[in-house]
Amino acid sequence: MATKYYLYARKSTEDDDHQIMSIEAQLFELREYARREKMEVLEEFTEAKSAKLPGREQFNEMMTLIEKSDGVGILAWHPDRLARNSVDGGKIIYLVDTKKIISLRFPTFWFEPTPQGLFMLQVAFGQSKYYSDNLVENINRGIRQKIRRGEWPTRAPFGYVNNQKTRSIEPHPFQSKIVVKAFEKFATGKHTYKSLASYLAELGVETKNRTPLAKGSICRMLKNRAYLGFTKHKGEYFEGSFPAIISPAIFETVQTVLRRSARPRKSRKKHDFPLTGLFTCGECGGAITACFATGKIGLIFRYYRCTKKKGYCSQGALQEKFLAEQVKQQLQKIAIPDDWTDNMLAQVAVWEKEEIQSSQSDTQNLKNSLSEIQDKLNRLVSAYIDQGIPKEIYLDKKEELLKQKLVLTKNLDDFGHGGKTWIKPLRQWIFDAKKAAFAASSGNLSDMGQIVRQVGLNPTFLSKTIILPFRPPWQLTAEILAQSRLAPLQPAEKNAGVFQKNSESFSWWKILAVHQTHFIKNL
């Protein structure tokens, strides 16, 4: 009685580009082989799945039929199509031993059910398993080498694009700007995952179904340290050779917002009250809220009052226009005239040139600090390899050193582009002072509220009067301006382009010099 066969064809993946021989090609060759050899095929089994691990559905179904049979054969292109693991290979050999499989036919491999044939079949299966294991090891070795070179080992994350020439990634000309915008938006604390996903959808960043990204996708993007220039392999971060997209300061701000919003509170805000969230009650410490109320002549006004949620509180409400007038008076204490700020900006430009010229020593100090950090990293890795420290401590310390190195590298890069010193925050303070002056004169409640949030230090509301202490360095501004208002002002003098600094009445210079000292100390 002629032996009947089950035909089995397999490839490892569904991607034809990565296969030496497709399933269609195997089927054609095997059918032609069966026709030439006059073999009867009972059924054909095909699947696109790796044989490195047990668990192939079609293969297991074929094995079940063979175990129930009185003896059949298998027709396949090569033994490695049947098994690349010891479990499936051993099952086939066992079924040959028990006469459930009485024939194995391969166009590229000859097998006979003899002790020598079984031995050669074991060798063939062993070679297939060795090839599979060796292939995995070669892939892992390649990934480790890419990690050592600082290259990104897989597909580029959103915001980057794979560069086939350098074998790494580089910022995408458009997507990288979207990533920066997303981080900057979320860093303000005014966005949720949902609102940020809607914002990204407006910029064309959507799912395949043209819907906004899921919360999980947004969260992973905001926590992805690849944007800092790091690579990650098996839970460990490594320094990458590709440029960062996000600055360390923005990234850490976003992480703070993420931690703060881990348990978000639902907002019940229905109306726009621009001066809420600024003050606390000076009597009970409760928040100051706002509401609408009808006056004596039927007009509707907005009032601000204590929520009184912390117990008894005797404080009354204050109409918005009176509260706004008090805020305006407080902001006028730090409002600097435009001609003063123009003089300040001109002097800062002079200092900036001097600072750039003297930054060479600072640059060298940064390079020395970078070298020290690298030495610490090298010693840390050596201690871990020598099993001197536990893996958990090693990973935490390594990430801390990498962050320090990233900040130093960013500072060094800033020095290379004109210097990162007290100049930048000093100039920003001047611009903010101009904003405060404009807000105090314009009467725009939203602008006034934004400035109060920026300059105020725990403002309170007591007896319908606001108390607005200023943050550093704004309290210095208020003190000097208060002194200047007590003395007669004299115009600023210039002598051959050099500002006169020895006049006590030279108020803008005094304010600038005091704030220069403040920012140098807090650098």
Side-chain angles (χ1 to χ4, degrees), residues 1-140:
M1 183 177 178
T3 302
K4 299 179 180 180
Y5 291 84
Y6 288 118
L7 187 153
Y8 183 81
R10 180 191 65 82
K11 64 175 183 176
S12 297
T13 69
E14 297 180 359
D15 189 353
D16 291 335
D17 295 337
H18 290 78
Q19 298 299 308
I20 297 177
M21 193 172 190
S22 67
I23 288 181
E24 290 75 14
Q26 292 180 49
L27 289 174
F28 178 82
E29 294 290 340
L30 292 174
R31 288 166 182 167
E32 284 295 309
Y33 180 78
R35 185 183 59 80
R36 290 195 307 268
E37 300 294 325
K38 298 181 180 180
M39 301 165 57
E40 182 181 352
V41 176
L42 292 173
E43 189 174 349
E44 294 181 354
F45 295 89
T46 62
E47 58 189 339
K49 191 171 184 179
S50 172
K52 183 179 183 297
L53 297 174
R56 288 169 289 156
E57 293 81 2
Q58 294 297 311
F59 177 82
N60 289 339
E61 182 180 345
M62 182 178 68
M63 290 293 102
T64 301
L65 293 176
I66 291 175
E67 290 173 348
K68 295 178 181 179
S69 69
D70 294 329
V72 294
I74 298 177
L75 173 61
W77 177 253
H78 189 273
D80 64 6
R81 298 299 87 192
L82 292 175
R84 285 187 182 273
N85 65 82
S86 56
V87 173
D88 291 340
K91 181 180 291 187
I92 291 173
I93 292 174
Y94 176 75
L95 292 177
V96 172
D97 284 339
T98 57
K99 307 301 181 181
K100 292 292 184 179
I101 298 178
I102 57 177
S103 177
L104 286 171
R105 302 292 294 271
F106 311 97
T108 58
F109 182 85
W110 184 258
F111 167 76
E112 292 182 353
T114 63
Q116 293 81 3
L118 286 172
F119 174 74
M120 293 306 298
L121 184 62
Q122 288 177 324
V123 170
F125 285 147
Q127 287 178 333
S128 299
K129 186 177 186 306
Y130 170 75
Y131 171 82
S132 180
D133 294 343
N134 194 49
L135 181 63
V136 172
E137 181 59 33
N138 288 337
I139 292 174
N140 289 334

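Note that the numbering runs from 1 along the sequence shown for the chain.
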Can you sort out the partners of Thr98 under side-chain contact (heavy atoms from CB on, under 4.5 Å), two or more places apart, ordered by chain and number?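 In terms of side-chain contact (heavy atoms from CB on, under 4.5 Å), with neighbours along the sequence ignored, Thr98 is linked to Tyr94, Leu95, Lys100.
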Closest non-hydrogen atom pair between [X] and [Y], with its separation:
X	Y	value
Ala51	Arg56	CB-CZ, 3.7 Å
Ala83	Gly89	CB-N, 3.6 Å
Ile23	Ala9	CG2-CB, 4.3 Å
Ile102	Gly71	CD1-O, 3.8 Å
Ser103	Thr3	CB-CG2, 4.2 Å
Leu75	Ala34	CD2-CB, 4.0 Å

Distance, nearest 0.5 Å, that separates CD of Gln26 from NZ of Lys11: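 Spacing of CD (Gln26) from NZ (Lys11) equals 9.5 Å.
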Can you find a pair of side-chain heavy atoms, one from [X] and one from [Y], that are under 4.5 Å apart?
X	Y	answer
Tyr6	Val72	yes
Arg105	Tyr5	yes
Phe59	Thr64	no
Ile74	Phe45	no
Lys49	Arg10	no
Asp88	Leu82	no
Phe106	Arg81	no
Leu42	Leu7	no

State, without any angle test, whether Glu44 and Tyr8 hold a side-chain donor-acceptor pair at a distance under 3.5 Å.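 No, no side-chain donor-acceptor contact under 3.5 Å.
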Walk me through it: do Glu43 and Leu65 pass the test side chain to side chain contact (heavy atoms under 4.5 Å, CB included)? CA-CA 10 Å; Glu43 189 174 349; Leu65 293 176; 3.9 Å; yes
Under the salt bridge (charged side-chain N to carboxylate O under 4.0 Å, His left out) rule, collect the residues that match up with Glu32, sequence neighbours excluded.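 Once residues adjacent in sequence are excluded, the partners of Glu32 under the salt bridge (charged side-chain N to carboxylate O under 4.0 Å, His left out) criterion are Arg35.
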